[in-house]
Visitor: 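Encoded as structure tokens, here's the structure I'll be asking about.
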Amino acid sequence: IRENFPVNSIIRKWNYIENISSFDGEYQNYQVFNDARSHFFANVDWSGGYPAATGIGTYAGGIMVEIIAVTGDNLINKAIDNPLQVAAHKYSQSVLFGELDSHFQQRTTPKFERARTVGLPNNNTIYISGTAAIRGEKSIIAHDIIEQANITMQNIEFLISSKNSTETYISCEYQLLRVYVKEIFYLEKLRNYMNLHYPNVKKYYICADICRDELLLEIEGVALAIY
């Protein structure tokens, strides 16, 4: 707003939420954040889709939000859906927790897309939202970190594949993957898996809480479309 960018010029958001899955009485921290985000977005035209986003837990700091916003003529700026997963902004009430928002009379959904492709013709960057072992809208209950990592990366691989795009690119090349892992003792096993399957990709690992208790990791990234 200070830079005179419209709110719907936001293409990528990171939402860092202290104790993301914890409750204050009947109110879940992540759901309270989703309600606040829904109020902030309510009077904005999102017909082109919401930003790509990550909502991740921290152990301090309250709420911190980081954004990338772009605007300009002849800019390709499209939301990417994933047939393997229900769009987060279309989640049913059954996978949301906490009290109903008094204005919307329901628990509001997380307002983000699975990814966005942004750039100029034949030069597109794909911003991949935080992705976990979720199919449809349900978590895949697997207490093995490698199984969750495999399902997560299957979701991402299909999301950015040419089979899931109306663009004419041949493939996508990862520029980086950021891996959030719930517990530090999973890190070595997870790193070995990622290095085996994605040896040439720049990777960052962060110990952080995940928005669902049963999920052990979340992965986001940036990819470049290859034409």
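The residues of the chain are indexed from 1 along the displayed sequence.
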Visitor: Run the side-chain donor-acceptor check on residues 55-64: report pairs under 3.5 Å with partners two or more places apart or on a different chain.
Guide:
from, atom 1, to, atom 2, distance (Å)
T58, OG1, E18, N, 3.4
T58, OG1, A60, O, 2.8

Visitor: Can you name the closest pair of heavy atoms from N29 and I20 and give their distance?
Guide: CB-O, 3.6 Å
Visitor: Quick one: does E26's side chain have a donor or acceptor within less than 3.5 Å of a partner on D24's backbone?
Guide: no
Visitor: Heavy-atom distance under 4.5 Å between the side chains of T131 and I156, does that happen here?
Guide: yes
Visitor: Whether the Q148 and Y186 side chains hold a donor-acceptor pair (N or O, under 3.5 Å, no angle test) is what I'd like checked.
Guide: no
Visitor: Would you say CD of E188 has more than 12 non-hydrogen atoms from neighbouring residues, nucleotides or ligands within 6.0 angstrom?
Guide: no
Visitor: If you draw a 6.0 Å radius around CZ in F158, do more than 12 non-hydrogen atoms from other residues or ligands fall strictly inside?
Guide: yes
Visitor: Do L176 and I128 belong together in a cluster built from hydrophobic side chains that touch within less than 4.5 Å?
Guide: no
Visitor: Flag yes if more than 12 heavy atoms outside Y204 fall under 6.0 Å of its OH atom; otherwise flag no.
Guide: no
Visitor: Just how far is it from atom NZ of K182 to atom CD1 of I210, taken to the nearest 0.5 Å?
Guide: 6.5 Å
Visitor: Verify, without hydrogens or angle tests, whether K203 (side chain) and V201 (backbone) share a donor-acceptor contact under 3.5 angstrom.
Guide: yes
Visitor: Holding to salt bridge (Lys or Arg N to Asp or Glu O under 4.0 Å), I want the full list of residues that pass it with R116, two or more places apart in sequence or in another chain.
Guide: none
Visitor: If you take all heavy atoms of V7 and W46, which pair is closest and at what distance?
Guide: O-CH2, 3.5 Å
Visitor: Answer whether the closest heavy-atom distance between the side chains of E183 and I145 falls below 4.5 Å.
Guide: no
Visitor: Hydrophobic clusters here meaning ILVMFWY residues chained together by side-chain heavy-atom distances under 4.5 Å, can you tell me if F185 and I146 are in one?
Guide: yes
Visitor: How far apart are the C-alpha atoms of V222 and Y127, what are their side-chain angles, what is the distance that settles it, and do they pass the side chain to side chain contact (heavy atoms under 4.5 Å, CB included) test?
Guide: CA-CA 5 Å; V222 179; Y127 294 93; 4.2 Å; yes
Visitor: Any chance the side chains of R178 and T54 put a donor and an acceptor closer than 3.5 Å?
Guide: no
Visitor: Using a distance-only test with no angle check, is there a side-chain donor-acceptor pair under 3.5 angstrom linking D35 and T108?
Guide: yes
Visitor: Are K163 and S165 linked by a side-chain donor-acceptor pair shorter than 3.5 Å?
Guide: no
Visitor: Go through it in stages, so that I can follow the logic: the residues are F40 and K111, the test is side chain to side chain contact (heavy atoms under 4.5 Å, CB included), and I'd like the CA-CA distance, side-chain angles, deciding distance and then a yes or no.
Guide: CA-CA 10 Å; F40 181 67; K111 300 298 191 292; over 6 Å; no
Visitor: In terms of hydrophobic clustering (I, L, V, M, F, W, Y; side-chain heavy atoms under 4.5 Å; direct or indirect links), are Y205 and I219 co-clustered?
Guide: yes
Visitor: Please answer: with hydrophobic residues joined when any side-chain heavy atoms are less than 4.5 Å apart, are I126 and I76 in the same cluster?
Guide: no
Visitor: Walk me through it: do E218 and R212 pass the test salt bridge (charged side-chain N to carboxylate O under 4.0 Å, His left out)?
Guide: CA-CA 10 Å; E218 186 167 321; R212 297 187 186 185; over 6 Å; no
Visitor: Going by atom type alone, with no hydrogens or angles, which donor-acceptor pairs under 3.5 Å involve a side-chain atom of residues 79-88 and a protein atom two or more places apart or on another chain?
Guide:
from, atom 1, to, atom 2, distance (Å)
N82, OD1, L84, N, 3.0
N82, ND2, N155, O, 3.1
Q85, NE2, I134, O, 2.9

Visitor: Please check if W14 and V70 belong to a single hydrophobic cluster, counting links between Ile, Leu, Val, Met, Phe, Trp and Tyr side chain heavy atoms closer than 4.5 Å.
Guide: yes
Visitor: For A149 versus L190, what's the shortest heavy-atom pair and its separation?
Guide: CB-CD1, 3.7 Å
Visitor: Please report the interatomic distance CG(N164) to CZ(R114), rounded to the nearest 0.5 Å.
Guide: 12.0 Å
Visitor: Side-chain contact, heavy-atom cut-off 4.5 Å: C211 with F33?
Guide: no
Visitor: Kindly indicate whether the side chain of L100, heavy atoms from C-beta on, has any atom under 4.5 Å from the side chain of Q93.
Guide: yes
Visitor: Using 0.5 Å steps for rounding, measure from the CD atom of E157 to the CD atom of Q154.
Guide: 9.0 Å
Visitor: Okay, side chain of D101, backbone of F104: is any donor-acceptor separation there less than 3.5 Å?
Guide: yes
Visitor: Inspect the surroundings of CD in E66 and state if more than 12 heavy atoms from other residues, nucleotides or ligands are less than 6.0 Å away.
Guide: yes
Visitor: Where do I160 and C172 come nearest, in terms of heavy atoms and distance?
Guide: O-SG, 3.2 Å
Visitor: Nearest 0.5 Å, what's the CG-SG distance between L217 and C207?
Guide: 12.0 Å
Visitor: Just jot down the salt bridge (Lys or Arg N to Asp or Glu O under 4.0 Å) partners of R107, sequence neighbours excluded, or say none.
Guide: none
Visitor: Flag the pair P110 / L96 as yes when at least one side-chain heavy-atom distance between them is below 4.5 Å, and no otherwise.
Guide: yes
Visitor: Is the side chain of T71 donor-acceptor paired with the backbone N or O of S9 at a distance under 3.5 Å, no angle test?
Guide: no
Visitor: Pick one: which of N122, N124, N123 meets side-chain hydrogen bond (donor to acceptor under 3.5 Å, both in side chains) with Y227?
Guide: N124
Visitor: State whether a side-chain donor-acceptor pair under 3.5 Å links Y180 with E220.
Guide: yes
Visitor: List the atom of A115, the atom of S129, and the distance in Å for their closest heavy-atom pair.
Guide: N-OG, 4.0 Å
Visitor: Kindly indicate, with the supporting measurements, whether the criterion side chain to side chain contact (heavy atoms under 4.5 Å, CB included) is fulfilled by N15 and R37.
Guide: CA-CA 10 Å; N15 309 297; R37 174 168 51 181; 3.3 Å; yes
Visitor: Apply side chain to side chain contact (heavy atoms under 4.5 Å, CB included) to residues Y50 and N8 and explain how you reach the verdict.
Guide: CA-CA 8 Å; Y50 294 104; N8 61 8; over 6 Å; no
Visitor: For L216 versus D144, what's the shortest heavy-atom pair and its separation?
Guide: CD1-C, 4.3 Å
Visitor: Under the side-chain contact (heavy atoms from CB on, under 4.5 Å) rule, collect the residues that match up with F97, sequence neighbours excluded.
Guide: F23, Q28
Visitor: Check salt bridge (Lys or Arg N to Asp or Glu O under 4.0 Å) between E113 and all other residues, then give those that pass, not counting sequence neighbours.
Guide: none
Visitor: Evaluate ring-ring contact (aromatic ring centres under 6.0 Å, His included) for F112 paired with H89, printing each intermediate quantity in order.
Guide: CA-CA 6 Å; F112 71 92; H89 53 84; 8.1 Å; no
Visitor: Are K138 and S94 packed together at the side-chain level, in the sense that at least one heavy-atom pair is separated by less than 4.5 angstrom?
Guide: yes
Visitor: Quick one about Y193 and N150 (side-chain donor to acceptor, distance below 3.5 Å, no hydrogens or angles considered), yes or no?
Guide: yes
